[in-house]
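Structure incoming, see below.
As the structure is a computational prediction, the values presented were derived from the model and not from experiment. Below, read A as the first sequence line, B as the second, and so on, with proteins coming before strands; counting in each chain starts at 1.
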Amino acid sequence: MPTLRPMFQDRLQSQLVPVLQQAFKALFGHDLDAKAITFQSTRPEFEGDVTINVFPFLKVSGKGPEPTAQAIGEYLQANLDLVDRFNVVKGFLNIVIADSYWLAFLREAGQHDLLQFPATGKKVMVEYASPNTNKPLHLGHMRNIFLGFSVSRILESAGNEVVRVQVINDRGIHICKSMLAWQKFGDGETPESRGLKGDKLVGKYYVEFDRAYKKEIEELLAGGRTKEEAEKEAPILLEAQAMLLKWEANDPEVRALWAKMNGWCYDGFNATYDRMGVTFDRLYYESQTYVLGKNDVLEGVKKGVFYEKDGAVWVDNTKEGLDEKVLLRRDGTSVYMTQDIGTAIKRFEEYPGLSQLIYTVGNEQDYHFKVLFIILKKLGFSWADELHHLSYGMVDLPSGKMKSREGTVVDADDLMEEMVQEARTSGEQLSKLDDFTEAEKTALFEMIGMSAVKYYLLKVDPKKRMLFDPAASIDLQGHTGPFIQYTYARTQSLLRKVGTMDVWQHEHLGTWPLLPEERAVLKLLHQFPGVLNEGANRLDPSVVANHTYELVKAYNSFYQTVPVMKEEDPAKREFRLELSSCVAAVTKKAMWCLGIEVPERM
RNA sequence: GGUCCUGUAGCUCAGCUGGAUAGAGCACCUGCCUUCUAAGCAGGCGGUCGUUGGUUCGAAUCCAACCGGGAUCACCA
């Protein structure tokens, strides 16, 4: 993967490394490579914040593990103020970082957004939705959309300018099927007359088509045709194919129907996107892009990158361990790959400063993108190395795979509605919201329900296929979005009280032994920029999701065992308020990176 | 068959640039609301990290083979 973004340098490690190098020089007369040192956070059962494993250095030190660790520890303690003390357990050097360091860090964190990196000056395009216009969005689209949108937010936080893009597959045989079925069986009904969302109505006729098609096949089978013949010869299919030809010939009537039904579909999609909370900067319609690429391919033939065989144009990727692939059919028409080649080129033309292009598409297209990227590289585009397929695994149901034909797809609108209703049911049972207006409640339950779905889909490593268990996803406790929202609401409750009591002066923070609960929270805050950087480099929201959970879990533990407002020492109280405030800000921003909103009360 | 992804607790998932007795959530069991929001906290139960070899001082992590799950390999989109 291209590493465009600068590596985040952990501020603690960047201070430790040079002194460690000095230590190795002074103690063992060895020039230590900075990359040879790996830090790990100290396991909770030992005292310390950072741990260095000295086993790799035994050859250099010429001593056993414990004396080596001891010597390094002593050197660090003597030469670096932020090293307060240390202990050695077997080959592990556990370093305790001085409270003053943590306090200074907290002060800094209070003044800056830890999760907003300086501008990189880079522009990145993220394509994260590519629906067909013949059926409504479902659970699979939801993973795709939330994943890509979150990645776009993460990249933005990491300092990049982001262009969010949707590709709409608005032409082809699939939409003709819906159109034909509507013409035949629709009786002129519209989303308005029927009271149905536009995408649902179009989807309904896609199903109608399939039903009629199957019926015709059965009749043909009964008439003695083979299955294959029947599938090819069913009159309604032939009619749909004829309609596609008419569409391509710009037949006004077909085009008008096409525009009308696609319009219904877009209205439906837009309503779904609104509820999802996602937006696009640029839409690409396949009806406009499907003609692209042909000239680029012919250009490639001239350059000798592609070759002709049997009248068709091929690319040979056998050297790359792949196969040969047709790019233009014998009749000169395009295949899917052709238009993807053209569209990629067009995008870089449209956005001259673009440095990276990310396609959020399911892993069933891994091969397709591998081939696409190789082809663009062969055509000599300098940006070909900056193309990335953000591939994600399929979403399975407890009953198995989702199959539209078997009616087992989970509809996006239905699922969101169900989750919001579940949030309402549990929220009203808790009866903490008596002074909320009905509108406020509705907004809150919307926020909670949506966070449950989004977090559930985002906490899993994108490349793995995942199981969507409706019963588990509806859970609002434990490792869930609502749990994180709840913690945020807790911090806000505290900070509101401060507002009315005016006890928070933001004055200098004193020095005293930090409590373990406080340290745990500080360490997780301290690690967060590195986590965001990792998420941006790996294009993986799950690392951000999981670390946010770690943070709020530690904060809850702190909250439940350490007094904040009730602390009598004003300096400690202020420190804990500052800590709470910082946790709140970071949590809010991290959730923003996931495309999840966070409530002031719940 | 070739290629790619994947296999960790009853279930869903972290950990995988090699390092200390493998972590969470759910489920099940025990405590904790006259005290800053109990959508919470504290604790218990629960694992031959698919199998077998190899590399290493050290392997869930790297390598190989095998087994299981998935995807893909159209002059389809």
*Straight-line distance of A/I596 CD1 to A/I448 CD1, nearest 0.5 Å*: 12.5 Å
*If you look at every strand shown and take non-hydrogen atoms under 4.0 Å, does A/I448 touch a base, only sugar-phosphate, or nothing?*
base
*Given pairs defined as Watson-Crick or G-U wobble with both distances under 3.5 Å, what dot-bracket annotation applies to RNA chain B, with ( ) intrastrand, [ ] crossing, | other strand and . unpaired?*
((((((((.[[[[.)...(...]]]].(((((.......))))).....[[[[[..)....]]]]])))))))....
*Assign A/R576 to base, sugar-phosphate, or nothing according to its heavy-atom contacts below 4.0 angstrom with the strands shown.*
nothing
*Answer with base, sugar-phosphate or nothing: what part of the nucleic acid does A/S391 contact at a heavy-atom distance below 4.0 Å?*
nothing
*How far does CE of A/M337 sit from CD1 of A/I375, to the nearest 0.5 angstrom?*
5.0 Å
*Just checking A/A312: base, sugar-phosphate only, or nothing, at a heavy-atom cut-off of under 4.0 Å?*
base
*Thinking salt bridges, do A/R601 and A/D435 make one under a 4.0 Å N-O criterion?*
yes
_Rounded C1' spacing from B/C26 to B/U52 in Å_ = 34 Å
*Verify whether one side chain among A/Y555 and A/S580 offers a donor that lies under 3.5 Å from an acceptor in the other.*
yes
*Given B/C73, B/A77, B/A20, which nucleotide is nearest the side-chain atoms of A/T51?*
B/A20
*Interatomic distance, A/Y559 OH vs B/A42 C1' [rounded to whole Å]*: 17 Å
_Could you tell me if A/D366 and A/S391 have a donor-acceptor pair between their side chains, going purely by distance under 3.5 Å?_
yes
_Looking only at side-chain N and O atoms, does A/T480 offer a donor or acceptor that is under 3.5 Å from a partner on A/D475?_
no
*Could you check whether the rings of A/H368 and A/Y336 sit parallel, tilted or perpendicular, using 30° and 60° as the cut-offs?*
tilted
*Taking OP1 and OP2 of B/U6, is either one under 4.0 Å from a side-chain nitrogen or oxygen of A/K463?*
yes
*A/T442 and A/R424: side chain donor to acceptor below 3.5 Å*: yes
*Please report, rounded to the nearest Å, how far the P atom of B/U72 is from the OH atom of A/Y367.*
13 Å
*What integer number of Å spans the P atoms of B/U61 and B/A22?*
14 Å
*asked:* Does A/E597 have more than 12 heavy atoms from other residues, nucleotides or ligands lying within 6.0 Å of its CD?
replied: no
*asked:* Under 4.0 Å, counting only non-hydrogen atoms across every strand here, what does A/V562 touch: a base, just sugar-phosphate, or nothing?
replied: base
*Which part of the nucleic acid does A/E600 contact within heavy-atom distance under 4.0 Å: base, sugar-phosphate only, or nothing?*
base
*Taking atom P in both B/A9 and B/G47, compute the distance separating them and give it to the nearest angstrom.*
10 Å
_Selection from B/C36, B/A39, B/U3 that lies nearest to any side-chain heavy atom of A/K370_ = B/U3
*asked:* Atom NZ of residue position A/K232 - does it have more than 12 heavy atoms of other residues, nucleotides or ligands inside 6.0 Å?
replied: no
*asked:* Under a plain distance cut-off of 3.5 Å, with no hydrogens placed, do A/R465 and A/N363 share a side-chain donor-acceptor pair?
replied: no
*Using heavy atoms and a sub-4.0 Å distance, could you list which residues of residues 420-430 of chain A are near RNA chain B? By number, please.*
A/G427, A/L430
*Roughly how far apart, to the nearest Å, are B/G7 and B/U51 at atom C1'?*
11 Å
*Assign A/Y549 to base, sugar-phosphate, or nothing according to its heavy-atom contacts below 4.0 angstrom with the strands shown.*
sugar-phosphate
_Run the side chain to side chain contact (heavy atoms under 4.5 Å, CB included) test on A/L147 and A/L457 for me, step by step, so that the C-alpha distance in whole Å, both residues' side-chain angles and the decisive distance to 0.1 Å come before the verdict._
CA-CA 8 Å; A/L147 174 63; A/L457 292 171; over 6 Å; no
_I'd like the C1' distance from B/G43 over to B/U3, given in whole Å._
49 Å
_Spacing of the C1' atoms in B/G68 and B/U55 (rounded, Å)_ = 26 Å
*asked:* Just confirming the chi classification of B/C33, syn or anti, using 90° around 0 as the syn window.
replied: syn
*According to the 5.5 Å centroid and 30° plane-angle thresholds, does A/F92 stack upon the nucleobase of B/G19?*
no
*Sequence neighbours left out, what passes side-chain contact (heavy atoms from CB on, under 4.5 Å) with A/L292? Give chain and number order.*
A/T289, A/T343, A/K346
_Work out how far the P atom of B/C62 is from that of B/U8, and round it to whole angstrom._
15 Å
Taking only nitrogen or oxygen atoms into account, show me every contact under 3.5 Å that the protein makes with nucleotides 8-18 of chain B, one pair per line with its distance.
residue: B/C13; atom: OP1; partner: A/L467; partner atom: N; Å: 2.7
residue: B/A14; atom: OP1; partner: A/D461; partner atom: N; Å: 2.6
residue: B/A14; atom: OP2; partner: A/K464; partner atom: NZ; Å: 3.0
residue: B/C16; atom: N4; partner: A/K464; partner atom: NZ; Å: 3.4

*Contact class for A/K325 (heavy atom, under 4.0 Å): base, sugar-phosphate, or nothing?*
nothing
*Nearest-0.5 Å distance that lies between atom CD in A/E428 and atom NZ in A/K441*: 5.0 Å
*Classify the nucleic acid contact of A/V564 as base, sugar-phosphate or nothing, counting any heavy atom under 4.0 Å across all strands shown.*
base
What's touching nucleotides 21-23 of chain B from the protein side, N or O pairs under 3.5 Å?
residue: B/G23; atom: OP1; partner: A/R43; partner atom: NH2; Å: 2.5

*Atom pair distance, as rounded to whole Å: CG in A/D310 and P in B/C75*: 11 Å
_Please tell me whether A/D49 and A/T42 have a donor and an acceptor in their side chains that are separated by less than 3.5 angstrom._
no
*asked:* To the closest 0.5 Å, what do you measure between CG (A/D396) and CG (A/D469)?
replied: 12.0 Å
_With a 4.5 Å cut-off on side-chain heavy atoms, are A/T68 and A/F28 touching?_
yes
_Tell me if the CD atom of A/E228 is crowded by more than 12 foreign heavy atoms within 6.0 Å._
no
*Select base, sugar-phosphate, or nothing to describe what A/K432 touches, counting heavy atoms under 4.0 Å on all strands.*
base
_For the P atoms, the ones on B/C49 and on B/U21, what distance do you get once it is rounded to whole angstrom?_
15 Å
*Could you state the atom-to-atom distance from CD of A/Q339 to C1' of B/C75 in whole Å?*
15 Å
Between the protein and nucleotides 55-57 of chain B, which nitrogen or oxygen pairs come in under 3.5 angstrom?
none

*Describe the nucleic acid contact of A/N94 in one word from base, sugar-phosphate, nothing, applying a heavy-atom distance below 4.0 Å.*
base
